[in-house]
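Keep in mind the model is a prediction, meaning the values are calculated, not measured. Order of the sequence lines fixes the chain letters, A, B, ..., with proteins taken first and strands second; residue numbering starts at 1 for each chain.
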Amino acid sequence: MHDFFIPVIETAIRLTGIDTSKQIIIEQPSDKKFGDFSTNIALLTAKENRKNPRELAQEIINHLIFPPDTVAKIEVAGPGFINFYLSPVFIMKSVEQVLHDGDSYGKVNPGITKKAIVEYVSANPTGPLTIGRGRGGVLGDCIANILETQGYEVTREYYFNDAGRQMQILGESVRLRYLECCGQTIEFPDTHYKGDYIRDIAENIYNKYSAALVESSDIQIFKNSAEEIIFTSIKKTLDRLSIRHDSFFNEHTLYKPDEAGLTTNQRVIDALRKNGFIGEYDGATWFLTTKLGQEKDKVLIKSSGEPSYRLPDIGYHISKFERNFSMIVNVFGADHIDEYPDVIEALKILGYDTGRIKIAINQFVTTTVDGQTLKMSTRKGNADLLDDLIDDVGADATRLFFIMRSKDSHLNFDVELAKKQSKDNPVFYLQYAHARICSLLRMALQETGFDPSLSSEHHLLQLLTTPAELQLGFALLDYPDMIKTSLRILEPQKMVEYLHSLAEYFHRFYQECPIIKAEADICKARLFLSLATRQVLRNGFRILGVSAPESM
RNA sequence: GUGCCCGUAGCUCAAUGGAUAGAGCAUCAGCCUUCUAAGCUGAGGGUUACUGGUUCGAGUCCAGUCGGGCGCACCA
């Protein structure tokens, strides 16, 4: 609706002859008695123009020209707000638009395709996915879904490294468990992976090779088997939550020389060195971040000659730029919070437009079962596993619970609540609204022969004028704006909140307005309104990755 | 010690710098011979951790204090 209001207001301001350097903001007042939309532009510009805000607001109003049957009332209120009230006809015409657009309602048709990349999960294959990773996975998936509705061609990417020290330790951990399988008594170091899955992998190898590998000190076969088994299990877990990736980017790619014989890592070092940000001491190569005001320099190449994770990370982001993504979204957990500023700084030095990069950091998840909190750590092997959670509460509840709170809030996942098949569980509230509409439409077909596809009768919607109907209609009209907001702040939680209100408005409408029992035209109009509501619920559910049951 | 996140109703959480801070759960009182009561209506419940500052206007921005979480490796 911003596009609807802004040009008209801009014109009016120009006609009043005042300074318009301030940006015009259209907002929805918290209370409907202040209108459907409102702007504070008179308040913002009054001082610099030495005018009384209320008088200025009235002057602006005098020059506002909206198309007929759109804005029913405009008034000055409070200290100088301009409040707009939409006409019922306008609201109901928007509902016709929902029915017309169907699955595309809320989507933006791009003139030029913009490319976006969303990187999420990106767990190295050292163990099964934890609940914490799951939150990031669902968050990333939803952000990617939102981007797709806004005209982006989205690449969903998983970045991983199967070469580093952690993978060595993984291989060693499996080898030790294998030796146990062969009857040896071993001492298991604290630094190694202790989870039961390591034993399973070791047994798997033992079943295949018996004791043939006992003498070999080569851990390659242990590492490789572990990687294969673990990666398969990670993908399977993600699949259960409908989280998918188009591209798995192995860090190894960055170690391959180009035509000039240089690896990406070498190119990064050279470019940073040219700009004076590389130093060599203590046998290592450093990114001189102290020059940027940080406390410590950061190692790029270890004294062993291997790159630290930071160097390929920079190279990886260069690859994102070289693949021409106009928006680059990185989703990761709060434990990686210190990782990205260095990468951004390096990219800035190298001349990349870091404004394209958006970081979405999700805070941790604590799960409570019977009031007890569980904590996770992959290495100690006491991780709370994502698979167990899905087994427990199902995919819909898992997804919805992960994103029904803002990503910045430390999520408290109440397992008992998510398990409940009752109204306490927010998942059911949303799905129930959908199922109820489906049931209603089935009944309507049976009783009145209602045909949802009769678009020639959509104009009947304009007969609807009760507060409950208009409130519901307005919410449907608001859907496209809500998606845009959700994208701007990278926050699918907005969508959950919106759908909750939509469901609530529908239930109220259903309660107050007889539908099948109403007079024929009103009946049709109300069925169309229900149909439009179901459409928006479905579109929203699709973005969140929650199923839309036809009956419950 | 330091960087980031959080502190809002009994509990879990909302609130692009706007008007009287809102939902759900829990508590209490109503609504099914009528399209799904997994629903609806109403009531109670607040010094937005604290102290200053900026602003016409602060839960929101700035400074500081207190409390909780996560980081601060030549691990990723």
Side-chain angles (χ1 to χ4, degrees), chain A residues 25-31 33-34 38 40 43-44 46-47 53 77-81 83 122-124 126 160-161 164-169 191 251 282-286 294-296 298-310 312-313 333-339 341 361-364 366 368 379 404-414 417 420-429 431-433 435-444 446-447 485 488-489 493-494 497 500-501 503-504 506-518 523 526-527 530 551-552:
Chain A
I25 295 168
I26 297 294
E27 60 183 2
Q28 286 185 41
S30 49
D31 193 327
K33 79 180 179 197
F34 298 124
S38 115
N40 60 355
L43 284 162
L44 294 179
K47 199 173 185 184
F81 293 103
N83 295 342
S122 293
N124 286 341
T126 56
F160 71 105
N161 162 18
R165 211 187 102 193
Q166 293 304 326
M167 291 300 291
Q168 294 296 119
I169 292 175
T191 48
E251 183 188 316
D282 295 347
T285 303
W286 301 78
Q294 295 190 26
E295 275 186 39
K296 290 184 230 166
K298 305 290 167 60
V299 171
L300 293 181
I301 299 178
K302 301 184 253 180
S303 52
S304 65
E306 299 170 293
S308 78
Y309 69 92
R310 244 175 273 268
D313 243 22
D335 53 336
H336 287 237
I337 193 96
D338 282 338
E339 192 170 313
I361 294 169
N362 64 280
Q363 292 298 318
F364 271 146
T366 49
T368 56
R379 214 169 302 177
M404 73 183 196
R405 305 298 180 217
S406 143
K407 62 181 184 294
D408 286 332
S409 85
H410 302 250
L411 177 66
N412 193 335
F413 198 118
D414 186 335
L417 177 63
K420 271 192 198 167
Q421 305 275 315
S422 79
K423 63 175 180 174
D424 311 349
N425 189 336
V427 181
F428 287 88
Y429 186 80
Q431 294 182 326
Y432 180 63
R436 204 176 204 188
I437 295 172
C438 290
S439 161
L440 174 68
L441 291 169
R442 281 193 298 268
M443 187 68 76
Q446 200 182 329
E447 300 279 317
T485 303
R488 181 166 47 76
I489 60 177
Q493 185 260 340
K494 278 276 165 226
E497 198 181 311
H500 192 277
S501 318
E504 184 186 334
F506 177 77
H507 288 311
R508 185 174 301 156
F509 156 71
Y510 182 91
Q511 198 77 26
E512 289 181 13
C513 304
I515 300 171
I516 294 174
K517 293 175 173 55
C523 168
R526 287 179 176 161
L527 285 168
S530 305
S551 65
M552 290 171 75

**OP:** Tell me which nucleotide among B:rU16, B:rC74, B:rU12 gets nearest to the side chain of A:R405.
**Re:** B:rU12
**OP:** Could you go through the salt bridge (charged side-chain N to carboxylate O under 4.0 Å, His left out) check for A:E512 and A:R508 one step at a time?
**Re:** CA-CA 6 Å; A:E512 289 181 13; A:R508 185 174 301 156; 5.0 Å; no
**OP:** Looking at every strand, decide which applies to A:H410 at a 4.0 Å heavy-atom threshold: base, sugar-phosphate, or nothing.
**Re:** base
Original post:
Base, sugar-phosphate alone, or nothing: which one does A:D282 contact when heavy atoms must sit under 4.0 Å apart?
Top reply: base
Original post:
Nearest nucleotide by nearest heavy atom, which residue falls closer to the 5' end of RNA chain B, A:K494 or A:E295?
Top reply: A:E295
Original post:
Does the ring of A:F428 lie flat against the base of B:rA38, closer than 5.5 Å centre to centre with planes under 30°?
Top reply: yes
**OP:** Output the single nucleotide from B:rA14, B:rC70, B:rG39 whose closest atom is nearest the side chain of A:F364.
**Re:** B:rC70
**OP:** Please work out if A:N83 contacts a base, only the sugar-phosphate, or nothing of the nucleic acid, heavy-atom cut-off 4.0 Å.
**Re:** base
Subject >> Proximal nucleotide (of B:rG18, B:rA76, B:rC4) relative to the A:E27 side chain >> reply: B:rG18
Subject >> Stacking check A:F34 vs B:rA19 (5.5 Å / 30 deg) >> reply: yes
Original post:
What would the secondary structure line of RNA chain B be in dot-bracket form, counting Watson-Crick and G-U wobble pairs under 3.5 Å, with [ ] for pairs that cross earlier ones and | for pairs with another strand?
Top reply: (((((((..((((....[...)))).(((((.......))))).....(((((..]....))))))))))))....
Original post:
Which whole number of Å gives the distance between the C1' atom of B:rG42 and that of B:rC61?
Top reply: 38 Å
**OP:** Using a 4.0 Å heavy-atom cut-off across all strands, classify A:E497 as base, sugar-phosphate, or nothing.
**Re:** sugar-phosphate
Original post:
Looking only at side-chain N and O atoms, does A:S30 come under 4.0 Å of OP1 or OP2 in B:rA19?
Top reply: yes
**OP:** Mark yes or no for a side-chain to base donor-acceptor pair under 3.5 Å between A:D335 and B:rG71, with no hydrogen or angle criteria applied.
**Re:** no
Original post:
Is A:R508 touching bases, backbone alone, or none of the nucleic acid, heavy atoms closer than 4.0 Å?
Top reply: sugar-phosphate
Original post:
Side-chain donor-acceptor pair under 3.5 Å between A:H500 and A:E497, yes or no?
Top reply: no
Original post:
Looking across every strand, which nucleic acid part, if any, lies under 4.0 Å from A:D338 by heavy atom: base, sugar-phosphate, or nothing?
Top reply: base
Original post:
Roughly how far apart, to the nearest Å, are B:rU47 and B:rC32 at atom C1'?
Top reply: 44 Å
Original post:
Which part of the nucleic acid does A:R310 contact within heavy-atom distance under 4.0 Å: base, sugar-phosphate only, or nothing?
Top reply: nothing
I'd like a table of atom pairs between the protein and nucleotides 32-36 of chain B - only N or O on both sides, under 3.5 Å - with the distance next to each one.
unit_1: B:rU34; atom_1: O2'; unit_2: A:K517; atom_2: NZ; d: 2.8
unit_1: B:rC35; atom_1: O2; unit_2: A:I516; atom_2: N; d: 3.0
unit_1: B:rC35; atom_1: N3; unit_2: A:I515; atom_2: N; d: 3.2
unit_1: B:rC35; atom_1: N4; unit_2: A:Y510; atom_2: O; d: 2.6
unit_1: B:rC35; atom_1: N4; unit_2: A:C513; atom_2: O; d: 3.2
unit_1: B:rU36; atom_1: OP1; unit_2: A:S439; atom_2: OG; d: 2.9
unit_1: B:rU36; atom_1: OP2; unit_2: A:S439; atom_2: OG; d: 3.4
unit_1: B:rU36; atom_1: O2'; unit_2: A:Y432; atom_2: OH; d: 2.1
unit_1: B:rU36; atom_1: O2'; unit_2: A:R436; atom_2: NE; d: 3.0
unit_1: B:rU36; atom_1: O4; unit_2: A:A435; atom_2: O; d: 3.2
unit_1: B:rU36; atom_1: O4; unit_2: A:M552; atom_2: N; d: 3.4

**OP:** Mind checking A:T485 for me? I need base, sugar-phosphate or nothing, with any heavy atom below 4.0 Å counting as a touch.
**Re:** nothing
Original post:
So what does A:S406 touch, heavy atoms closer than 4.0 Å: a base, only the sugar-phosphate, or nothing?
Top reply: sugar-phosphate
Original post:
Starting at the 5' end of RNA chain B, which residue's closest nucleotide do you reach first, A:I26 or A:N412?
Top reply: A:N412
Original post:
Are OP1 or OP2 of B:rC75 and a side-chain N or O of A:K302 less than 4.0 angstrom apart?
Top reply: yes
Original post:
Taking the same atom, P, in B:rG64 and in B:rG22, what whole-Å distance lies between them?
Top reply: 32 Å
Subject >> Which nucleotide in B:rG18, B:rA19, B:rC5 has an atom nearest any side-chain atom of A:P29 >> reply: B:rA19
Original post:
Using a cut-off of 4.0 Å on non-hydrogen atoms, how would the nucleic acid contact of A:I489 be classed: base, sugar-phosphate, or nothing?
Top reply: nothing
**OP:** Considering only atom P, compute the distance from B:rU12 to B:rC4 and round it to an integer number of Å.
**Re:** 26 Å
**OP:** Would you kindly check whether a donor in the side chain of A:S501 faces an acceptor in the base of B:rA23, or vice versa, at under 3.5 angstrom?
**Re:** no
